[in-house]
Amino acid sequence: MRESWELLTAGSPDADRTVLLLPGGANAARSFNLVMADPALSGVRLVATTLPGMAGAPVSEDVSIPALSRRAGELAKAHGCDVVVGFSHGATVALDMVLSGHFQGPVVLLGISLTTGDEARFFRVVVRASQKVGNWPMAALFRLMPMMAKSAKTPELHKKELIEDFKQNRASDAVLVCGEYLDYIAEDRDFAAQLAASGNPVWVVHAEKGDGGLTDAERATLQAAPNVTLVTIPGSVFLLPDEAPQKTAAVIASALSQAS
């Protein structure tokens with residue numbers, strides 16, 4: 001029986017610095033494999049976790065963003081993490097960790113959606129339709145995801161692992177988890193302004209195309225914040241940790257340099 005919050009670790013337990021890595025929707029902890037192996041992070045303790053309901057990890061608890069944030073904060077504390085990194089859904093968990101006070105160090109938010117409009121319309125339609133008519137729209141999406149992974153610009157072995165993990169997802173769990181996620185980013189809150197006011201060192205990373213983006217207002221707010229660094233990765237990239245691991249690792253190294 002698999003457990004929620006499965007861990008994948010790399011680096012010495014005695015390392016001076018530790019990073020918590022939270023993967024995106026439908027992904028497992030090993031989606032960060034290439035990032036964890038990058039020389040820019042040598043000597044760093046890296047702890048990746050599969051979030052409940054993702055890649056076959058069971059849903060055994062509340063999977064709302066605040067609840068996941070609280071549990072991830074406990075995990076970060078237990079492992080003495082200096083930096084938290086999240087991709088997509090994991091980035092939203094990391095966002096809430098900052099805003100709720102569950103983590104007070106530097107954070108890296110990869111491909112984050114701060115509002116409903118930032119998230120892909122097709123994905124939103126699939127989730128909301130699945131909540132109304134049953135899980136079959138989400139199940140259909142999961143049948144398409146291995147094809148998406150096959151086109152990813154990543155080594156063949158890693159691509160094979162991505163496909164295996166995508167196939168482990170259960171539509172019923174994904175509808176529950178993704179519904180909570182969409183409810184969270186639909187809240188009447190100015191997440192960009194709250195990040196700017198948090199005081200935490202924050203890196204917000206997007207590709208030029210492929211992984212969503214920011215509204216003009218969000219971008220202006222974040223650009224004006226002294227604690228926020230915006231990073232744009234050239235080209236079209238959908239899976240940042242998998243397709244741009246070197247650039248992702250470089251941003252994490254920058255965040256580590258700001259850890260107290």
Who else is in Met147's hydrophobic cluster (ILVMFWY, side-chain heavy atoms under 4.5 Å, direct or via others)?
Leu144
Test item: Asp118 side-chain N/O and Thr116 main-chain N/O as donor-acceptor pair under 3.5 Å:
no
For the pair Thr50 (side chain) and Ala29 (backbone), establish whether a donor and an acceptor sit closer than 3.5 Å, ignoring hydrogens and angles.
yes
Under the side chain to side chain donor-acceptor pair (under 3.5 Å) test, residues paired with Asn200 that sit two or more places apart:
none
Has the side chain of Asp173 got a donor or acceptor atom that lies under 3.5 Å from a matching backbone atom of Pro52?
no
Among residues at least two apart in sequence or on other chains, which ones pass side chain to side chain donor-acceptor pair (under 3.5 Å) with Trp203?
none
Connecting only ILVMFWY residues whose side-chain heavy atoms lie within less than 4.5 Å of each other, what is the rest of Val133's hydrophobic cluster?
Trp136
Which value, rounded to the nearest 0.5 Å, describes the distance between Thr49 atom OG1 and Leu75 atom CG?
5.5 Å
Single-linkage hydrophobic cluster Val125~Met138, side-chain heavy atoms < 4.5 angstrom
no
Between Arg30 and Glu164, is there a salt bridge with N-O shorter than 4.0 Å?
yes
With no hydrogens and no angle check, is any side-chain donor or acceptor of Ser130 less than 3.5 Å from a backbone partner on Val126?
yes
If only atom types and distance count, is the side chain of Lys159 paired as donor or acceptor with the main-chain N or O of Ala152 below 3.5 Å?
yes
Going by chain and number, the hydrophobic cluster around Ile163 (ILVMFWY, side chain to side chain under 4.5 Å) further includes none
Taking the side chain from Lys153 and the backbone from Ser236, do they hold a donor-acceptor pair closer than 3.5 Å?
yes
Got a sec, which residues hit side chain to side chain donor-acceptor pair (under 3.5 Å) with Asn33, two or more places apart in sequence or on another chain?
Glu161
Quick one: does Glu243's side chain have a donor or acceptor within less than 3.5 Å of a partner on Phe238's backbone?
yes
Do Lys77 and Glu74 sit within salt-bridge range, that is, some charged N less than 4.0 Å from a carboxylate O?
no
In chain order, what residues pass the ring pair (Phe, Tyr, Trp, His ring centres under 6.0 Å) check against Phe166, with sequence neighbours excluded?
none
Looking at Asp16, I want to see if its CG is surrounded by more than 12 non-hydrogen atoms of other residues, nucleotides or ligands under 6.0 Å.
no
So, using ring pair (Phe, Tyr, Trp, His ring centres under 6.0 Å) as the criterion, who are the partners of His89 when residues are at least two apart?
Tyr181
Partners meeting side-chain contact (heavy atoms from CB on, under 4.5 Å) with Ser60 (sequence neighbours left out):
Ser4
So which of Pro201, Pro106, Ser198 actually passes side chain to side chain contact (heavy atoms under 4.5 Å, CB included) with Asn227?
Ser198
Using modelled atom types only, decide if a donor and an acceptor are shared between the side chain of Asp165 and the backbone of Ala55 within a distance under 3.5 Å.
no
I'd like to check the side chain to side chain donor-acceptor pair (under 3.5 Å) partners of Gln258; sequence neighbours left out, ordered by chain and number.
none
Using modelled atom types only, decide if a donor and an acceptor are shared between the side chain of Thr18 and the backbone of Cys81 within a distance under 3.5 Å.
no
I'd like to check the salt bridge (Lys or Arg N to Asp or Glu O under 4.0 Å) partners of Arg219; sequence neighbours left out, ordered by chain and number.
none
So, using salt bridge (Lys or Arg N to Asp or Glu O under 4.0 Å) as the criterion, who are the partners of Glu180 when residues are at least two apart?
none
